[in-house]
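Just so you know, ligand 1 is whichever comes first in the structure, and atom 1 is the first atom listed for that ligand. Keep in mind the model is a prediction, meaning the values are calculated, not measured. Numbering starts at 1 and runs along the sequence shown.
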Amino acid sequence: MIKGEKGLIFNIQRYSIHDGPGIRTIVFLQGCPLHCPWCCNPESQGPVTPLTWIKNGQKETITKWYSVSEVMAEVEKDDLFYRNSGGGLTLSGGECLVQADFCANLLHEAHKLGINTAIETTGAVPLREVKKVLPYVDHALFDLKIMNPLRARQVIGEDINTVKTSFETFLHTPTIQVTPRIPLIPGYTTKPKNLEQIADYATSLGLKEVHILPFHQYGSQKYEYLNRHYTMADTPLLTNEEVQNIHDYFESRKIKAIVSGLE
Ligand code: SF4
């Protein structure tokens with residue numbers, strides 16, 4: 001198989017309104033180098049290899065290799081919705097950029113058809129992979145999580161310098177609109193020191209706005225299907241007051257904070 005000719009995908013979701021402007025089709029690509037304990041798509045973690053799980057006693061293959069034209073055949077079904085709502089195609093994961101060649105081919109094809117493009121990423125890939133998609137991305141929804149280098153490495157396996165390099169590369173590409181997003185994970189990203197470090201980083205780059213995404217438990221059942229322990233099962237959701245306090249903190253730092261939809 002030629003590099004980038006096919007991509008391994010675990011879900012294609014139509015009519016999403018949370019992952020970029022307008023009504024969108026989300027393509028979830030398999031593979032992620034990180035291991036966030038709160039991950040709502042744990043099936044995507046690990047290398048880009050086909051995966052099965054056991055659901056209701058039945059073994060299910062949940063990934064499938066797609067060509068660009070097979071994905072675009074799905075995406076184009078909602079072309080009218082995109083045009084009426086300002087929507088389009090969003091690539092997600094996993095970390096979609098671990099399949100950067102395929103992403104670039106898909107996004108390029110979407111652009112050729114006049115379809116708006118977005119990616120959801122945490123940027124935990126080498127810069128050369130990021131560069132492959134830059135010409136074809138309209139929106140980058142970029143997750144900032146744990147800023148302390150040691151904690152980021154220990155808790156989620158993330159090299160914060162790599163993430164910053166990716167983030168700043170998207171930010172400094174004039175054709176790309178970047179939305180910094182902060183998943184609010186109790187005990188991890190919501191620690192005051194971490195929020196302060198995110199605000200410091202945002203300020204140092206002149207950012208005026210972040211989106212904050214309250215923790216949810218929607219992926220918990222998938223851990224059972226994968227026969228894995230979900231360590232966040234007993235973690236309570238944030239109260240409205242807690243979310244409001246975090247919102248107010250960013251606003252006090254002169255950064256507009258928008259409480260956003262779900263990942
Ligand atoms: S980066 Fe996203 S997909 Fe990867 S482990 Fe973290 S939450 Fe899951």
>> Looking at every non-hydrogen atom in both residues, tell me the closest pair between Leu207 and Phe167 and how far apart they are.
In response: CD1-CZ, 3.8 Å
>> If you compare all heavy atoms of Tyr223 against all heavy atoms of Cys36, which two are closest, and at what distance to 0.1 Å?
In response: OH-O, 4.3 Å
> N/O/S of Cys39 less than 2.8 Å from atom 4 (Fe) of ligand 1?
Replying inline: no
>> Show, in sequence, the C-alpha distance, side-chain angles and deciding distance for Thr162 and Asp159, and conclude whether the side-chain hydrogen bond (donor to acceptor under 3.5 Å, both in side chains) test is met.
In response: CA-CA 5 Å; Thr162 301; Asp159 179 74; 2.6 Å; yes
> Touching ligand 1 at all, Leu34? Heavy atoms, strictly under 4.0 Å?
Replying inline: yes
> Does ligand 1 have a heavy atom under 4.0 Å from the side chain of Cys36, from its backbone, from both, or from neither?
Replying inline: both
> What do we get for Ser44 next to ligand 1 when only non-hydrogen atoms under 4.0 Å count, side chain, backbone, both or neither?
Replying inline: side chain
> For Asn245 and Glu241, does a side-chain donor sit closer than 3.5 Å to a side-chain acceptor?
Replying inline: no
> Nearest non-hydrogen atom to atom 7 (S) of ligand 1 belongs to which of Gln45, Lys145, Glu43?
Replying inline: Lys145
> Counting only heavy atoms not in Leu205, do more than 12 sit closer than 6.0 Å to its CG atom?
Replying inline: yes
> With a cut-off of 6.0 Å (strictly less than), are more than 12 heavy atoms of other residues, nucleotides or ligands near NZ of Lys256?
Replying inline: no
>> I'd like to check which ligand 1 atoms, numbered from 1 as shown, lie under 4.0 Å from a non-hydrogen atom of Gly94.
In response: 3 (S)
> Can an N, O or S atom be found in His35 less than 2.8 Å away from atom 8 (Fe) of ligand 1?
Replying inline: no
